[in-house]
Amino acid sequence: MREAVDVPLLRKDFVVSSYQLWEARAHGADMVLLIVAALEQNALVSLVERTVSIGMVPLVEVHTEAELDRALDSGAKVLGINARNLATLKVDRGIFAQLAARVPDGVIKVAESGVRGPHDLLAYAAAGADAVLVGESLVTGKDPRSAVADLVTAGSHPALRGDRG
């Protein structure tokens, strides 16, 4: 995998064991997704620590305030705040702003789900997102290359220069 691209690689999977971390590392991943809702607290803490110890970054995904507390207690430094409700699969972009306000300084906030275009990216940035994770809109759209170019252009908008720039 690593030789195929020159950008950071994320293993976006349901990681539940340290073996999967070693697989990700062997294939050149830079980051792994750890979904708080899928892990007991002791497993979450262990996976966060192991991920860091083998040279990758854990992207710890949360959906609720309780999950946010668990993620912070695990030592997570990069939080994915997912606007998609796992039970209903509905997206509520307001979840990001609600949870991001509780994230301490020094923790990177990644907005997940609901980015359909530049407007959503800018709205998430205004709510405190340091980054966005975009997936569905790129794979279901007619022109993924153009959609990525539009998002990259929006990401370099002068309004985002401040402390993000």
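For clarity, every value in this text was computed on a predicted model and none was experimentally measured. Start at 1 with the first residue, then count along the sequence.
- For the pair Pro8 and Asp30, the tightest heavy-atom approach, listed with the atom from each and the gap, is CA-OD2, 3.1 Å.
- Residues Leu10 and Val16 do not share a hydrophobic cluster, clusters being chains of Ile/Leu/Val/Met/Phe/Trp/Tyr side chains in contact below 4.5 Å.
- Using a 4.5 Å cut-off on side-chain heavy atoms (C-beta onward), Lys12 and Leu133 make contact.
- Side-chain atoms of Arg93 never come within 3.5 Å of backbone atoms of Ala123 as a donor-acceptor pair (strictly under, hydrogens ignored).
- Considering only heavy atoms from C-beta on, Arg11 stays 4.5 Å or farther from His27 through its side chain.
- Of all heavy-atom pairs between Gly128 and Lys109, the closest is O-CE, 3.0 Å.
- Atom CG of residue Asn82 and atom CG of residue Asp92 lie 11.0 Å apart, to the nearest 0.5 angstrom.
- Among residue pairs with one or both ends in residues 44-62, none qualify as salt bridge (charged side-chain N to carboxylate O under 4.0 Å, His left out); sequence neighbours excluded.
- The hydrophobic cluster containing Val91 does not contain Val134, counting ILVMFWY residues as joined when their side-chain heavy atoms lie under 4.5 angstrom apart, directly or transitively.
- Taking all atoms of both residues into account, the shortest heavy-atom contact from Leu47 to Ser17 is CD2-C, 3.7 Å.
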Name the atoms and distances for all side-chain donor-acceptor pairs under 3.5 Å in residues 36-45, with sequence neighbours left out.
from, atom 1, to, atom 2, distance (Å)
Gln41, OE1, Arg70, NE, 2.7
Gln41, OE1, Arg70, NH2, 3.3
Gln41, NE2, Arg70, O, 3.1

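- Note on Val107 and Val57: separate hydrophobic clusters, where clusters join Ile, Leu, Val, Met, Phe, Trp and Tyr whose side-chain heavy atoms are under 4.5 Å apart, directly or indirectly.
- Scanning all heavy atoms of the two residues, the minimum distance from Ala71 to Val62 falls at CB-CG1, 3.6 Å.
- Evaluation of the ring-ring contact (aromatic ring centres under 6.0 Å, His included) test over residues 46-99, restricted to residues two or more places apart or in two chains, returns Phe96-Tyr124.
- Exactly one residue among Leu59, Val110, Ile108, Leu68 makes a side chain to side chain contact (heavy atoms under 4.5 Å, CB included) with Leu79. That residue is Leu68.
- For the pair Glu112/Leu33, a side-chain contact is recorded, criterion being any heavy-atom separation below 4.5 Å from C-beta on.
- Formation of a donor-acceptor pair under 3.5 Å by the Arg84 side chain with backbone atoms of Leu89 is found in this model.
- Hydrophobic clustering of Ile, Leu, Val, Met, Phe, Trp and Tyr side chains at less than 4.5 Å, counting indirect connections, keeps Val15 apart from Val52.
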Evaluate the side chain to side chain contact (heavy atoms under 4.5 Å, CB included) criterion for residues Leu122 and His119: first the C-alpha distance (whole Å), next the side-chain angles of each, then the deciding distance (0.1 Å), finally the verdict.
-> CA-CA 5 Å; Leu122 293 171; His119 181 267; 5.9 Å; no

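- In this structure, Trp22 CH2 and Thr51 OG1 are separated by 10.0 Å, a value rounded to the nearest 0.5 Å.
- Thr64 OG1 to Leu99 CG: the interatomic distance, rounded to the nearest 0.5 Å, is 7.0 Å.
- Between Ala127 and Ala97 the shortest heavy-atom distance is CB-CB, 3.9 Å.
- Across all non-hydrogen atoms, the minimal contact from Gly28 to Leu9 is O-CD1, 3.7 Å.
- One hydrophobic cluster, built from ILVMFWY side chains closer than 4.5 Å, cannot hold both Met31 and Leu21; they sit in different ones.
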